[in-house]
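Working notes, beginning with the structure itself.
From a predicted model like this one, the values you see are computed outputs, not experimental measurements.
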Amino acid sequence: VQLQASGGGSVQAGGSLRLSCAASDSTSAMAWFRQAPGKEREFVATIRWSGGNIRYGDSVKGRFTISGDKAKNTVYLQMNSLKPEDTALYYCAASINRPILSALGDENSYRNWGQGTQVTVSS
């Protein structure tokens, strides 16, 4: 499965951006992770199509919303109230096999990764 992410850009603090990620084939779950310079990759949000299970990383709860269209193999990440600390390279990830609920936020649950899209939030 190939993933194509888009929608990154630069925005001022408090602003919004919407990321999109399209998969070339059907998936069981799709997720967003991010990595800032000098930091480890961080879980942002995920959706497991079966059951519609959604999870968020603690740092984005209440500000980011993940949604998707399984028929189109596409997932979106609406990011509101952006902060400078949200600045990172955002990666789309997907799993063909259905991850267990407790592992939805684990990057090891996802075997397919996109190229990343940059999000920069200025103060």
Side-chain angles (χ1 to χ4, degrees):
V1 176
Q2 294 185 341
L3 304 174
Q4 182 67 47
S6 61
S10 297
V11 66
Q12 288 192 329
S16 298
L17 283 173
R18 188 189 194 214
L19 305 183
S20 300
C21 177
S24 61
D25 207 340
S26 61
T27 62
S28 293
M30 295 183 73
W32 292 96
F33 290 78
R34 68 186 183 185
Q35 188 167 20
K39 294 188 177 182
E40 294 186 351
R41 190 153 53 188
E42 175 189 17
F43 167 67
V44 175
T46 185
I47 182 167
R48 194 178 78 169
W49 302 119
S50 175
N53 301 104
I54 289 176
R55 299 288 187 271
Y56 294 99
D58 289 340
S59 61
V60 306
K61 284 180 181 177
R63 300 187 298 121
F64 291 10
T65 302
I66 190 170
S67 62
D69 187 334
K70 186 180 187 310
K72 295 182 179 179
N73 300 319
T74 300
V75 67
Y76 308 98
L77 185 68
Q78 178 66 41
M79 305 184 295
N80 298 330
S81 302
L82 282 162
K83 305 174 181 180
E85 50 264 44
D86 293 318
T87 295
L89 192 60
Y90 282 69
Y91 293 94
C92 176
S95 175
I96 298 174
N97 299 316
R98 189 175 66 178
I100 59 175
L101 291 177
S102 60
L104 282 175
D106 185 348
E107 62 180 66
N108 293 313
S109 295
Y110 305 91
R111 300 300 184 191
N112 304 95
W113 293 80
Q115 82 286 3
T117 184
Q118 179 67 37
V119 171
T120 302
V121 184
S122 58
S123 58

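Within the model, atoms NZ of Lys39 and CG of Leu89 stand 14.5 Å from one another, a figure rounded to the nearest 0.5 Å. To the nearest 0.5 angstrom, Leu19 atom CG is 10.0 Å from Ile66 atom CD1. Distance check, rounded to the nearest 0.5 Å: CE of Met30 to CG of Asp69 gives 11.0 Å. How far CG of Asp25 is from CG of Asn73: 6.5 Å, rounded to the nearest 0.5 Å.
The aromatic rings of Tyr110 and Phe33 lie perpendicular to each other, with more than 60° between the two planes, well past the 30° mark.
A donor-acceptor contact closer than 3.5 angstrom is absent between the side chains of Trp49 and Ser28. Under the 3.5 Å distance criterion, with hydrogens and angles disregarded, a donor-acceptor pair is assigned to the side chains of Arg34 and Ser59. Between the side chains of Ser16 and Asn80, a donor-acceptor pair is found at a separation under 3.5 Å.
Within 6.0 Å of atom CZ in Arg63, more than 12 heavy atoms from other residues, nucleotides or ligands are found, so the atom counts as buried in its surroundings. Under a cut-off of 6.0 angstrom, the local environment of CD in Gln2 is sparse, with at most 12 non-hydrogen atoms contributed by other residues, nucleotides or ligands.
Residues forming a ring-ring contact (aromatic ring centres under 6.0 Å, His included) with Tyr76 (at least two apart in sequence, or on another chain): none.
You'll find the side chain of Leu77 reaches within 4.5 Å of the side chain of Val44, heavy atoms only. Side chains of Ser109 and Ser95 form no contact here, defined as non-hydrogen atoms less than 4.5 Å apart. With contacts defined as side-chain heavy-atom distances shorter than 4.5 Å, the pair Leu17/Val119 qualifies. No side-chain heavy atom of Met79 sits under 4.5 Å from any side-chain heavy atom of Arg18. You'll find the side chain of Pro99 reaches within 4.5 Å of the side chain of Arg48, heavy atoms only. Counting only heavy atoms from C-beta outward, the side chains of Gln115 and Leu3 never approach each other to under 4.5 Å. For the pair Tyr90/Gln118, no side-chain contact is recorded, criterion being any heavy-atom separation below 4.5 Å from C-beta on. Looking at heavy atoms from C-beta onward, Ser81 lies out of side-chain contact with Phe64 at the 4.5 angstrom threshold.
Cation-pi geometry between Arg41 and Tyr91 is met: the NZ or CZ atom falls under 6.0 Å from the ring centre, inside 45° of the normal.
Side chain of Thr65 to main chain of Gln78: no donor-acceptor pair is present (N/O by atom type, distance under 3.5 Å, no hydrogens or angles).
Smallest separation of non-hydrogen atoms from Cys92 and Val75: SG-CG1, 4.3 Å. Taking all atoms of both residues into account, the shortest heavy-atom contact from Ala88 to Ala36 is CB-N, 3.8 Å. Of all heavy-atom pairs between Gly57 and Phe43, the closest is N-CE2, 3.5 Å. In terms of heavy-atom proximity, Thr87 sits nearest to Val121 at OG1-N, 2.8 Å. Residue Ser20 comes nearest to Trp32 through the heavy atom pair O-CH2, 3.6 Å, listed as atom of the first residue, atom of the second, then distance.
Salt-bridge formation is not detected for the pair Lys83/Asp86: no Lys NZ or Arg NE/NH1/NH2 atom is positioned less than 4.0 Å from an Asp or Glu carboxylate oxygen.
Hydrophobic clustering keeps Ile96 apart from Trp113 (ILVMFWY residues linked when any side-chain heavy atoms are closer than 4.5 Å, directly or through intermediates).
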**OP:** Apply the test side-chain hydrogen bond (donor to acceptor under 3.5 Å, both in side chains) to residues Arg55 and Thr46: give CA-CA distance (whole Å), side-chain angles for both, the deciding distance (0.1 Å), then the verdict.
**Re:** CA-CA 5 Å; Arg55 299 288 187 271; Thr46 185; over 6 Å; no

| query | Given the rule in the side chain to side chain contact (heavy atoms under 4.5 Å, CB included) test, do Ile47 and Asn53 qualify, once you have shown the distances and angles that lead to the verdict? | reply | CA-CA 6 Å; Ile47 182 167; Asn53 301 104; over 6 Å; no

